[in-house]
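Note on naming: letters A, B, ... go to the chains in the order of the sequence lines (proteins, then strands), and numbering restarts at 1 for each one.
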Number of protein chains: 2
Amino acid sequence: MISSIAELIADRLGTMPAGERRAAQTLIASYPMIGLKTVAEFSAAAGVSSPTILRFVARLGFQNYPEFQSSLQDELAAQLQSPAIRTLNPPSPGGGTVSPMLEATLDNMRETFRHLSDKQLADIAARLADRRGKTFLIGGRFTDPLARYMAAHLAVIQPDVFHLAGQESMWRDRLIDMGKRDVLVIFDIRRYQDSLVRFAEKAHQRGVQIVLFTDQWLSPIARFARHVIAGRTAVPSAWDSSAALFVVAETLIGAVTRQLEADGARRIREMEELR
Amino acid sequence: MISSIAELIADRLGTMPAGERRAAQTLIASYPMIGLKTVAEFSAAAGVSSPTILRFVARLGFQNYPEFQSSLQDELAAQLQSPAIRTLNPPSPGGGTVSPMLEATLDNMRETFRHLSDKQLADIAARLADRRGKTFLIGGRFTDPLARYMAAHLAVIQPDVFHLAGQESMWRDRLIDMGKRDVLVIFDIRRYQDSLVRFAEKAHQRGVQIVLFTDQWLSPIARFARHVIAGRTAVPSAWDSSAALFVVAETLIGAVTRQLEADGARRIREMEELR
DNA sequence: GGAGCGCTGTATCGTATGTTACGTATTTTG
DNA sequence: CAAAATACGTAACATACGATACAGCGCTCC
């Protein structure tokens with residue numbers, strides 16, 4: 001069973017002529033980076049001519065050089081997505097059905113935050129904390145609860161926070177209340193919902209700033225979004241996981257709260273008194 | 001100090017026009033693989049034209065596209081050589097607001113699952129998968145979205161799943177439908193809601209089996225509950241975190257789905273056809 | 001409401017890149 | 001040792017890729 005190109009090379013190294021073997025060895029030496037560069041650079045590094053490189057990749061079974069490079073890239077991408085943690089920490093022994101799921105979820109969160117800079121979060125928090133405009137939240141079939149969760153918290157610390165619920169026609173009518181200073185927070189992961197995309201487009205046309213929570217493949221709404229948060233969703237289950245997005249949402253709630261601390265504290269106190 | 005291209009992008013994201021920002025966001029979402037492909041592929045993935053991609057890399061300070069790709073490759077190479085240190089987002093100086101929050105959340109989850117045996121989860125899953133009775137879900141002020149999230153998934157794979165929403169009087173009337181074979185899933189964390197406690201007590205008197213999601217200090221509902229899941233909620237924020245409970249909920253959803261696999265698969269297929 | 005600016009996409013261009021044909025060198029075999 | 005076959009590099013070629021000029025559009029600011 002040969003899965004990686006490195007194995008493929010090791011397998012056929014014996015049957016290769018001298019020149020191609022040099023190519024193979026230089027590739028293995030700094031695997032796989034040299035293979036991502038141009039044929040000219042590869043050949044120079046290996047000390048052979050370009051045609052030798054091409055014959056080399058042909059012998060590995062590739063039709064042409066770009067195809068070979070794509071394979072290397074795919075391999076790299078797969079390698080980057082399953083963090084070293086999983087290979088370093090062997091699946092915890094006794095492995096019930098639980099721990100793989102938990103481990104994957106924890107990985108997802110780390111990975112999600114790795115692609116999310118503090119600055120980006122701070123920007124979004126600042127936008128959400130800006131009280132000149134209204135804040136609307138909405139989500140898809142399975143993610144709407146996340147929108148509700150976020151709305152429930154934001155509504156406590158600032159006015160003009162609205163969760164858009166119910167039928168599509170209901171929230172479509174709310175578009176009339178939305179303008180440039182307003183923010184629309186949308187949750188949309190696979191399979192992306194047409195109704196949400198349409199809604200986002202119309203909101204965008206009205207100048208509403210869109211904050212999108214989506215998965216790593218990006219909902220089409222990313223086209224209209226001012227800010228995009230891409231969370232990892234893959235877990236060993238029949239369903240995708242929204243846990244990473246949930247944690248991002250909580251982080252944002254915390255950040256907004258901190259920004260509004262002065263105002264927010266007074267507001268919360270007033271609320272307590274109203275009870 | 002800006003060392004990686006990802007940081008560079010995060011830094012200038014705010015000053016970019018819409019099209020280039022879309023390029024930036026798609027790059028970050030699947031960093032850095034898209035940047036290694038051709039301009040045409042990059043532009044297609046981002047939904048913009050090729051010149052926009054080129055203007056984007058120019059704004060980052062690169063003379064041309066190949067130079068940009070070389071930088072990405074160098075970064076990748078450095079990253080691959082020291083697999084332990086994966087520095088996409090280095091610990092932000094000046095105390096990032098993010099990482100303490102994330103770390104605390106991850107700890108909460110590990111700790112929550114440490115106190116939760118596989119058997120316990122399997123028992124609850126089996127109870128939820130038992131189709132002889134109905135399943136009701138409800139939550140408190142901030143946790144009701146979790147109930148909704150769970151209900152949305154369970155309702156797909158089995159009939160008779162009901163989320164109790166709206167006014168207290170509304171769900172109190174639903175008590176009449178509940179009996180011994182039924183399950184009531186309640187989410188209740190500090191500050192525990194009287195209305196939920198009252199409701200749980202009445203349901204308990206009718207013989208309903210209660211599954212309680214609560215925090216480590218246990219809601220008073222634990223008195224009536226057949227199963228109690230205690231999640232850690234403490235994070236460095238003004239709010240408690242429900243993330244650990246969320247992950248438990250997802251785990252349960254996955255377990256129930258697996259148990260109902262045969263029936264569930266047919267059900268999901270039928271649903272698809274109804275669209 | 002009008003003028004100016006900036007952003008974006010279409011179409012075109014030059015070139016670097018991968019590819020192929022061919023001749024020379026090197027090894028292998030009878 | 002000779003002859004054939006295989007391997008390798010040089011040089012010419014075609015293509016696909018990145019780069020650029022330009023026009024249309026929307027937005028902001030008078």
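Between A/I229 and A/I124, the closest side-chain pair of non-hydrogen atoms falls below 4.5 Å. A/M109 has its side chain within reach of B/L106: a pair of non-hydrogen atoms, C-beta onward, lies under 4.5 Å apart. Between B/M16 and B/F56 there is a side-chain heavy-atom pair separated by less than 4.5 Å. Side-chain contact between B/W239 and A/I157 is present, with at least one heavy-atom pair separated by less than 4.5 Å. A/F136 is not listed as a side-chain neighbour of A/I186, based on a closest heavy-atom distance of 4.5 Å or more. Side-chain contact between A/L252 and A/L154: absent, with no pair of heavy atoms (C-beta onward) separated by less than 4.5 Å. Side-chain contact check for A/M101 versus A/S237: some heavy-atom pair is nearer than 4.5 Å. In this structure, the side chains of B/V48 and A/R223 stay at 4.5 Å or more apart for every pair of heavy atoms.
By the side-chain hydrogen bond (donor to acceptor under 3.5 Å, both in side chains) test, A/R198 is found to be paired with A/E168, residues two or more places apart in sequence or in another chain being considered.
Residue contacts shown for A/P17 are limited to sugar-phosphate atoms, with no base heavy atom under 4.0 Å away.
The stretch residues 25-48 of chain A touches DNA chain C through A/T38, A/V39, A/A40, each having a heavy atom under 4.0 angstrom from the strand. A heavy atom lying under 4.0 Å from DNA chain D marks the following residues of residues 56-64 of chain B, by number: B/N64.
Between A/F246 and A/Y149, the distance from one ring center to the other falls under 6.0 angstrom.
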Check the interface with nucleotides 25-29 of chain C: list each N/O to N/O pair with the protein under 3.5 Å, or write none.
none

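At least one side-chain nitrogen or oxygen of B/T52 sits closer than 4.0 Å to the OP1 or OP2 atom of C/dG9.
Whole-Å rounding puts the A/R55 CZ to C/dT20 C1' distance at 10 Å. Rounded to whole Å, atom P of C/dT17 lies 13 Å from atom CG of A/L54. Taking atom CZ on B/R22 and atom P on C/dT8, their separation rounds to 9 Å, with Å as the unit.
The side-chain hydrogen bond (donor to acceptor under 3.5 Å, both in side chains) contacts involving residues 11-27 of chain B comprise B/E20-B/R59, where partners must be two or more places apart or lie in separate chains.
Relative ring orientation between A/F42 and A/Y65 is described as tilted, the plane-to-plane angle lying within the 30° to 60° band.
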**Report entry** Chi angles and distances behind the salt bridge (Lys or Arg N to Asp or Glu O under 4.0 Å) call for A/D240, A/R190
**Finding:** CA-CA 8 Å; A/D240 279 340; A/R190 297 186 305 183; 3.3 Å; yes

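Chain A approaches DNA chain D over the interval D/dA7 to D/dT10, counting the first and last nucleotide 5' to 3' with an atom under 4.0 Å from its heavy atoms.
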